[in-house]
Protein chains: 2
Amino acid sequence: MQITRAAEYGVLGLTALARRPLGEVVMIDTLCAEEDIPRSFLGKILQSLNRAGIVRSARGSGGGFCLAKEPSEISALEIIEAIEGPISLQRCLDEDLGCEHSTGCALCSLLAVAQDRVKDVFRTTSLSDLTGRHIPNGLVRQARDRHRESESTPPVEAADTVTSTWTIN
Amino acid sequence: MQITRAAEYGVLGLTALARRPLGEVVMIDTLCAEEDIPRSFLGKILQSLNRAGIVRSARGSGGGFCLAKEPSEISALEIIEAIEGPISLQRCLDEDLGCEHSTGCALCSLLAVAQDRVKDVFRTTSLSDLTGRHIPNGLVRQARDRHRESESTPPVEAADTVTSTWTIN
DNA sequence: CTCAAACCGGACTGAAATGATCCGGAAAAG
DNA sequence: CTTTTCCGGATCATTTCAGTCCGGTTTGAG
């Protein structure tokens with residue numbers, strides 16, 4: 001009854017792309033660092049998203065990924081199903097033919113309704129909706145690290161407990 | 001993104017109980033036969049439902065299970081959560097403290113909404129709603145077998161292709 | 001009192017899905 | 001032709017799922 005990590009990472013990775021101007025090409029490593037996602041795993045996930053036409057990939061030096069359409073044109077449902085395959089709360093595949101348990105299985109109808117509700121929510125949420133107030137921890141950490149580096153002779157011993165203020169961008 | 005077999009069997013087993021007058025005690029074996037559920041698995045599941053106060057159990061000879069309340073008073077949500085634990089599309093547990101990915105994680109909010117929708121559907125569906133038109137295959141098979149037995153010298157050779165009419169109860 | 005019927009509940013197990021990693025290969029840029 | 005970067009298949013460890021087993025406890029009947 002949960003989304004997979006892969007789908008989770010997929011959405012997150014795409015928000016990282018969506019934060020940039022459309023068409024900007026970004027390497028996997030950059031996305032991983034921002035969103036705290038294992039590098040080779042995100043590689044796999046982006047392959048799926050590429051095949052599904054949600055991102056475009058470019059090989060060779062200067063290569064990477066960019067969104068294939070406007071964030072407002074990409075629904076959460078698209079993303080998730082591109083990665084996990086069709087969402088299905090149902091277990092019995094041929095829903096018309098009646099399931100293994102019973103003809104006109106009551107449980108199947110119930111699950112079908114629930115499934116529709118979930119899909120509605122995902123279908124009506126776009127990537128741009130998701131990108132709004134989301135500030136990934138990876139980015140936050142990077143901003144902090146940049147701030148640390150710029151300090152003159154940072155106090156090594158107390159490094160772990162530094163609680164100085166810093167801003168993002 | 002699916003319900004477990006255990007929850008599925010749980011609901012099915014309860015519809016079998018709900019088909020009877022409230023308070024009638026039924027053995028596991030009977031329920032299994034009607035709904036085509038592995039016997040020892042259903043045993044486990046009924047234990048959970050017993051602890052949750054949805055069924056009552058009686059040990060010893062003449063023992064078995066009965067519903068602890070009216071089918072209309074038992075929601076699908078109750079049943080499923082009694083077996084699977086709380087339904088959660090969320091992965092990050094402490095939803096308030098912000099998840100591992102980001103403060104104000106957009107994905108979490110999305111999943112929270114979807115989760116609420118699913119729970120609503122399950123909450124507003126009662127066991128009596130589920131028991132209506134549901135005719136379990138196990139019961140159907142039993143009725144067929146009873147009919148076969150009552151025939152005089154049934155034609156053994158054509159047994160597999162017999163399509164005679166029969167009724168339930 | 002004793003035995004058999006029935007559930008209780010913890011340990012266990014096999015199979016599948018999940019979450020990831022690895023590595024050789026192909027393509028693009030310089 | 002070398003470097004960079006993605007492609008994609010194989011592989012692997014862990015967890016969850018689905019289900020079984022078995023000794024124990026409770027209850028009712030004889």
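Values in this document were obtained by computation on a predicted structure and should not be read as measured data. Letters go in sequence order (proteins before strands), and every chain restarts at 1.
Annotation for Ala7(A) and Ile80(A): closest pair CB-CG2, 4.3 Å, computed over non-hydrogen atoms.
Between the Thr124(B) side chain and the Val121(B) main chain, a donor and an acceptor come within less than 3.5 Å of each other. In this structure, the side chain of Asp116(B) does not engage the main chain of Val113(B) through any donor-acceptor pair within 3.5 Å. Remark: the backbone N or O of Ser75(A) is paired with a side-chain donor or acceptor of Glu78(A) at under 3.5 angstrom. One N or O on the side chain of Thr15(A) and one on the backbone of Leu12(A) form a donor-acceptor pair closer than 3.5 Å.
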Task: Gln90(B) vs Cys108(B), side chain to side chain contact (heavy atoms under 4.5 Å, CB included): CA-CA, chis, key distance, verdict - done: CA-CA 6 Å; Gln90(B) 300 271 72; Cys108(B) 286; 3.8 Å; yes
TODO: Mind running salt bridge (charged side-chain N to carboxylate O under 4.0 Å, His left out) on Arg123(A) and Glu81(A) for me, showing each step along the way?
DONE: CA-CA 11 Å; Arg123(A) 189 180 303 111; Glu81(A) 293 204 321; over 6 Å; no
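Here the CE-CD distance, from Met1(A) to Gln115(B), works out to 8.5 Å after rounding to the nearest 0.5 Å.
As judged by a 4.0 angstrom heavy-atom cut-off over every strand, Arg56(A) is placed among residues making no nucleic acid contact. Leu46(A) comes within contact range of no nucleotide atom at all, as no heavy-atom separation falls under 4.0 Å. Within the 4.0 angstrom heavy-atom criterion, only backbone atoms of the sugar-phosphate kind lie near Gly64(A); the bases stay farther away.
In this structure, Asp29(B) atom CG and dA5(C) atom C1' are separated by 11 Å, rounded to whole Å. Between the CD1 atom of Ile37(A) and the C1' atom of dT21(C) there is a distance of 16 Å, given to the nearest Å. Between the CD1 atom of Ile45(A) and the P atom of dG8(D) there is a distance of 15 Å, given to the nearest Å. Atom P of nucleotide dT18(C) and atom CD of Gln2(A) are separated by 11 Å, given to the nearest angstrom. Straight-line distance from the CD atom of Gln47(A) to the P atom of dG9(D): 8 Å, rounded to whole Å.
A heavy atom lying under 4.0 Å from DNA chain D marks none of the residues of residues 14-22 of chain B.
For the OP1/OP2 pair of dC7(D) and a distance below 4.0 Å, the side-chain nitrogens and oxygens of Asn50(A) include at least one atom meeting the criterion.
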- [ ] Using a 4.0 Å heavy-atom cut-off, write out nucleotides 11-21 of chain D from 5' to 3' as B (base contacted by protein), S (sugar-phosphate only) or - (no contact).
- [x] -------SBBB
TODO: Heavy atoms under 4.0 Å is the rule here; annotate nucleotides 25-30 of chain D 5' to 3' with B where the base is hit, S where only the sugar-phosphate is, and - elsewhere.
DONE: BBBS--
Give the table of side-chain donor-acceptor pairs shorter than 3.5 Å for residues 19-27 of chain B, with sequence neighbours excluded, one pair per line with atom names and distance.
residue, atom, partner, partner atom, Å
Arg19(B), NH1, Glu34(B), OE1, 3.0
Arg19(B), NH2, Glu35(B), OE2, 2.6
Arg20(B), NH1, Ala16(B), O, 2.9
Arg20(B), NH1, Glu34(B), OE2, 3.4
Arg20(B), NH2, Glu34(B), OE2, 2.5

Please set out all donor-acceptor pairs under 3.5 angstrom arising from side-chain atoms of residues 48-65 of chain A, sequence neighbours excluded.
residue, atom, partner, partner atom, Å
Asn50(A), ND2, Ser57(A), OG, 3.2
Arg51(A), NH2, Gln47(A), OE1, 3.3

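Among residues two or more places apart in sequence or in another chain, the side chain to side chain contact (heavy atoms under 4.5 Å, CB included) test is passed with Ala6(A) by Thr4(A), Phe41(A), Ile45(A), Ile83(A).
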